[in-house]
J.: 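Sharing a structure with you now.
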Amino acid sequence: MSSLLFYIAFLAVAGYAVYVIGSVLQARYAFIKLGRPAHVKVDYKLRIHEFITHVFGQKKLLKDKKSGIMHVVIFYGFIIVQFGAIELIIKGFSQGWIIPLGEAHKYFSLMQEITVAAVLLAIGYALYRRFIEKLKRLKRNFKAAIVVIFICSLMLSVLFSLAFEQLWLGHERSVFTPFSSLLAMAFSGIGETAAKSLFYSFWWMHLIILLSFTIYVPQSKHAHLIFAPINIFFKKLDSPGKLSLIDFEDESVTEYGVGSVEQFRQDQLLDYYSCVECGRCTDVCPATSTGKTLSPMMMIMNMRDHLTDKGAAITSKTAWMPSFAFGGADGNNAIEKKLIGEVVTEEELWACTTCRNCEDACPVNNEHVDMIVDMRRFLVMTEGSMPNELARTFQNIERQGNPWGLNRNERIKWREGMENLVPTVHETDDFDYLFFVGSMSSYDIRSIKIAQATAQLLHHAGVKFAILGNEEKNSGDTARRTGNEFLFQQLAAQNIELFQKYNVKKIVTCDPHTFNTFKNEYPDLGLQAEVYHHTQLLHQLMNEGKLIPTKSVNERITYHDSCYLGRYNGVFEQPRELLRAIPDVELVEMERSGSNAMCCGAGGGMMWMEEKEGTRINIKRTEQAMAVSPTIIISACPYCLTMLSDGIKSKEIEESVMAQDIAEIMLKSVI
């Protein structure tokens, strides 16, 4: 009779756990299906590679070595221990049962105990990081601690179960069961009956904790254990940060952008339940670190909770869903709650510089910027709501083809005195590269020097190039990142028409924003051309022996990575190799460099908007540069150069430090 009750109790607990898990997962699946269909590219080879790299290789997590190694130990430890858990659970039904591995079983037992000990050490370090070291990005509440408690209790229940089994069945202590043997020694005075009772006490403890953990996971932030691998497998395979096109020919569309949570794509909604709440995104966000409202992690969490509440209200008539699968909000309130304004504020959306540092840091490949731009699109194109400075910028680009509204016929003035070096497409048809100067380097007094230096270097290297002159228009990057997709597509169509008119096959530009837009986004609209950033072409010419830095430049230099050149396009080494090739240059790296470099504060349209909260991002980035005591801060972007120059002025250190583009310092050494 007691055995029958034992089996019934086990089946009841296990059955309830399966029911809860299935119900919650079905509910989450239904909520995600509320979104627009996601058109996923079929490339299983690449997807499997990404899956292995990020799930089993833990690539993103290992960027932070300390927490990365801790997570790897817990991740693999938890997997390994489950094989021992199977054996332990069966022991409860079949006295002394072991997995039939023959002589190898003792090594299996040793591996299990070492793994349990390693996981306990890793959990101890996790508690230290969160509650003693108190990392800013980590929450310190019961929800944050409960899984740590679960895992710690689970590991201890394994060791105590094995220890009391050893005493109950009279097994000898062994070096292959080191930790359970030590525990058995501590309790060696108890009798067989007591040992059996304690074994089953810890056996039930292990089972209940394991099933409770399994029930808790889908309803908590630890749902990422289920959803993150799926999210990683189905991630976008386009170039990083590439935005979706809007079909303006579709007359059935009455709203543009995303104004309600179910207007996001299903792959974007999957991001919500994949979020680890680790805070890595917020930790590196330039807006957060300078006192702005935006926190990428909180934005994702707030939208996730809103989706859960609204999804529950929409699907509440579905009888098979139990109440615990839903959110806690009142159904009508959840449906009526505005995504923009109540869930995510406009201040948050306009604080984003689109630098993608959050996405680069995210261990589960969430794409925050994509969602922010979609909501900006709704504000700009559906509601006509935007900062006043941005409205003027759009108007200036529409009327004069540049953000300042300066006369479009003055775009070519930057080449005055260099007409013999810099021909227009009207003055020559014998060119290999179109030098697309961009608005900054055409009009901005400081940035003009970048265009002039680049042109001199190209001429010196014997490169045949030409410019569009006054026919050149804005690339549309600012318009696109700030939500004016219609203006972007209009500018793109005009530019592509010009490129085709002059049979352009190769384009070089000094502006990483233009470089990224032409290289990764214009092809969707018909561009067929090779696109180079000027640092890439200069690096190529140097390797070919056409540009040889020979003159000494005795300076201590730190290089600032542009977001759109680095994180968006992976161009990190070519600029540095150019600098290292210059005689007597001492290159020093900032603490935040390469893929983790902090944004200058100009991206995402912020160049044309005022920062109304906290401190200015460019000031903080300048301070980071000054921490390595450079004499020159080098950039490879006219936006970055402007922001860093302003930072230097605000710190009143112009006499000891200057900001220059890489082309300018190359020119000093080459010519």
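Note that the numbering runs from 1 along the sequence shown for the chain. Values reported hereafter were calculated over all heavy atoms of this structure, with side chains retained and with hydrogens, waters and symmetry mates removed.
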J.: Side chain to side chain contact (heavy atoms under 4.5 Å, CB included) between Thr558 and Ile634: does it pass, once the steps are laid out?
T.: CA-CA 6 Å; Thr558 190; Ile634 290 288; over 6 Å; no

J.: Taking the side chain as C-beta and beyond, is there a heavy-atom pair between Ser593 and His560 under 4.5 Å?
T.: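 Contact flag for Ser593/His560 side chains = no.
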
J.: Measure the spacing between CG of Leu538 and CG of Leu667 and express it to the nearest 0.5 Å.
T.: 10.0 Å

J.: Examine the side chains of Thr517 and Tyr564 and answer whether a donor and an acceptor come within less than 3.5 Å of each other.
T.: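 No, because no side-chain N or O of Thr517 sits under 3.5 Å from a partner of the opposite role on Tyr564.
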
J.: Mind telling me whether Phe518 and Tyr522 have parallel, tilted or perpendicular rings, with 30° and 60° as the class edges?
T.: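 Tilted: the ring planes of Tyr522 and Phe518 meet at 30° to 60°.
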
J.: Taking the side chain as every heavy atom from C-beta outward, state whether Thr354 and Met606 have any atom pair closer than 4.5 Å.
T.: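 No - every pair of side-chain heavy atoms lies 4.5 Å or more apart.
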
J.: Between Glu610 and Lys612, does any side-chain N to carboxylate O distance fall below 4.0 Å?
T.: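 No.
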
J.: Would you tell me whether Arg621 and Gln624 have side-chain atoms, one donor and one acceptor, within less than 3.5 Å of each other?
T.: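 Side chains of Arg621 and Gln624: pair found under 3.5 Å.
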
J.: Can you find a side-chain donor-acceptor pair between Ser562 and Arg567 that sits under 3.5 Å?
T.: no

J.: Please test Thr535 against Glu573 for side chain to side chain contact (heavy atoms under 4.5 Å, CB included), starting from the C-alpha separation and ending with a verdict.
T.: CA-CA 10 Å; Thr535 57; Glu573 283 307 308; over 6 Å; no

J.: Look at the aromatic rings of Phe465 and Phe435 and report parallel, tilted or perpendicular, splitting at 30° and 60°.
T.: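 Phe465 vs Phe435 ring planes: perpendicular.
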
J.: Are there more than 12 heavy atoms of other residues, nucleotides or ligands under 6.0 Å from atom CD1 of Ile445?
T.: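 Not buried by this count: 12 neighbours or fewer within 6.0 Å.
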
J.: For Arg377 and Asp374, what are the C-alpha separation, side-chain angles and deciding distance, and is it a salt bridge (charged side-chain N to carboxylate O under 4.0 Å, His left out)?
T.: CA-CA 5 Å; Arg377 286 172 169 178; Asp374 275 340; 3.4 Å; yes

J.: Any heavy-atom pair between the side chains of Ser295 and Cys285 that's under 4.5 Å?
T.: no

J.: Check this for me: Asn388, atom CG, are more than 12 non-hydrogen atoms of other residues, nucleotides or ligands nearer than 6.0 Å?
T.: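 Check fails, neighbour count at 12 or below.
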
J.: Whether Glu521 and Arg481 form a salt bridge (side-chain N of Lys/Arg under 4.0 Å from carboxylate O of Asp/Glu) is what I want to check.
T.: yes

J.: Within this structure, what is the NZ-CD distance for the pair Lys449 and Gln452, rounded to the nearest 0.5 Å?
T.: 8.5 Å

J.: I'd like to know whether CZ of Phe56 has more than 12 heavy-atom contacts from other residues, nucleotides or ligands below 6.0 angstrom.
T.: no

J.: Is any side-chain heavy atom of Lys66 less than 4.5 Å from a side-chain heavy atom of Met70?
T.: no

J.: Give the C-alpha distance, both sets of side-chain angles, the deciding distance and a yes or no for side chain to side chain contact (heavy atoms under 4.5 Å, CB included) between Val55 and Ile232.
T.: CA-CA 8 Å; Val55 176; Ile232 289 168; 3.8 Å; yes

J.: With the threshold set at 4.0 Å, does a side-chain nitrogen-carboxylate oxygen contact exist between Glu623 and Lys651?
T.: yes

J.: May I ask you to check whether over 12 heavy atoms, not counting those of Glu613, lie within 6.0 Å of atom CD?
T.: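 For Glu613, atom CD is crowded (more than 12 foreign heavy atoms under 6.0 Å).
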
J.: For residues His534 and Asp661, is any side-chain donor paired with an opposing acceptor at under 3.5 Å?
T.: yes

J.: Within the 4.5 Å heavy-atom criterion, are Ser645 and Cys640 side-chain neighbours or not?
T.: no

J.: Is Arg576 close enough and on-axis enough to Tyr559, meaning under 6.0 Å and within 45°, for cation-pi?
T.: no

J.: Quick one: do Arg356 and Cys563 satisfy side chain to side chain contact (heavy atoms under 4.5 Å, CB included)? Show the steps, please.
T.: CA-CA 7 Å; Arg356 286 195 61 257; Cys563 305; over 6 Å; no

J.: With a cut-off of 6.0 Å (strictly less than), are more than 12 heavy atoms of other residues, nucleotides or ligands near NZ of Lys60?
T.: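 For Lys60, atom NZ is crowded (more than 12 foreign heavy atoms under 6.0 Å).
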
J.: Quick one: do the Asp477 and Asn516 side chains pair a donor with an acceptor below 3.5 Å?
T.: no

J.: List the residues meeting side chain to side chain donor-acceptor pair (under 3.5 Å) with Asp524, not counting sequence neighbours, and say none if there are none.
T.: Lys242

J.: Identify whether the distance between the nearest side-chain nitrogen and carboxylate oxygen of Asp370 and Lys236 falls below 4.0 Å.
T.: yes

J.: Ignoring hydrogens and geometry beyond distance, is a side-chain donor-acceptor pair present between Asn520 and Asn569 at under 3.5 Å?
T.: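 There is such a pair between these side chains.
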
J.: Compute whether any side-chain donor of one residue and acceptor of the other, for Thr345 and Glu348, lie under 3.5 angstrom apart.
T.: yes

J.: Salt bridge check, Arg446 against Glu664: does any charged N sit closer than 4.0 Å to a carboxylate O?
T.: yes

J.: With distance as the sole criterion, is a donor-acceptor pair present between the side chains of Arg616 and Ser650 under 3.5 Å?
T.: no

J.: More than 12 heavy atoms of other residues, nucleotides or ligands under 6.0 Å from NZ of Lys63: yes or no?
T.: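 It does: Lys63 NZ has more than 12 such atoms within range.
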
J.: Any salt bridge between Lys649 and Glu654, counting N to O under 4.0 Å?
T.: no

J.: May I ask you to decide whether Lys292 forms a salt bridge with Glu611, counting only side-chain N to carboxylate O separations under 4.0 Å?
T.: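 Answer for the salt bridge query: yes.
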
J.: Please list all pairs passing the ring-ring contact (aromatic ring centres under 6.0 Å, His included) test where one or both residues lie in residues 571-628, with sequence neighbours left out.
T.: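 As it turns out, the ring-ring contact (aromatic ring centres under 6.0 Å, His included) pairs with a partner in residues 571-628, which skip direct neighbours, are Trp404-Trp608.
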
J.: Under the side chain to side chain donor-acceptor pair (under 3.5 Å) rule, collect the residues that match up with Asn596, sequence neighbours excluded.
T.: none

J.: Where does the angle between the aromatic ring planes of Tyr433 and Tyr532 fall among parallel (under 30°), tilted (30 to 60°) and perpendicular (over 60°)?
T.: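 Plane angle over 60°, so perpendicular.
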
J.: Going by atom types alone, do Glu359 and His368 pair a side-chain donor with an acceptor below 3.5 Å?
T.: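 Judged by distance alone, the side chains do not pair up.
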
J.: With the threshold set at 4.0 Å, does a side-chain nitrogen-carboxylate oxygen contact exist between Glu589 and Arg556?
T.: no

J.: Side chains of Asn402 and Asn396: is there a donor and an acceptor less than 3.5 Å apart?
T.: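 Absent: no donor and acceptor within the cut-off.
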
J.: Quick one, Arg415 and Ile412 - any side-chain contact, counting heavy atoms below 4.5 Å?
T.: yes

J.: Taking only Lys NZ, Arg NE, NH1 and NH2, and the carboxylate oxygens of Asp or Glu, determine whether Arg129 and Asp64 approach each other closer than 4.0 Å.
T.: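 A salt bridge is present here (some side-chain N lies under 4.0 Å from a carboxylate O).
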
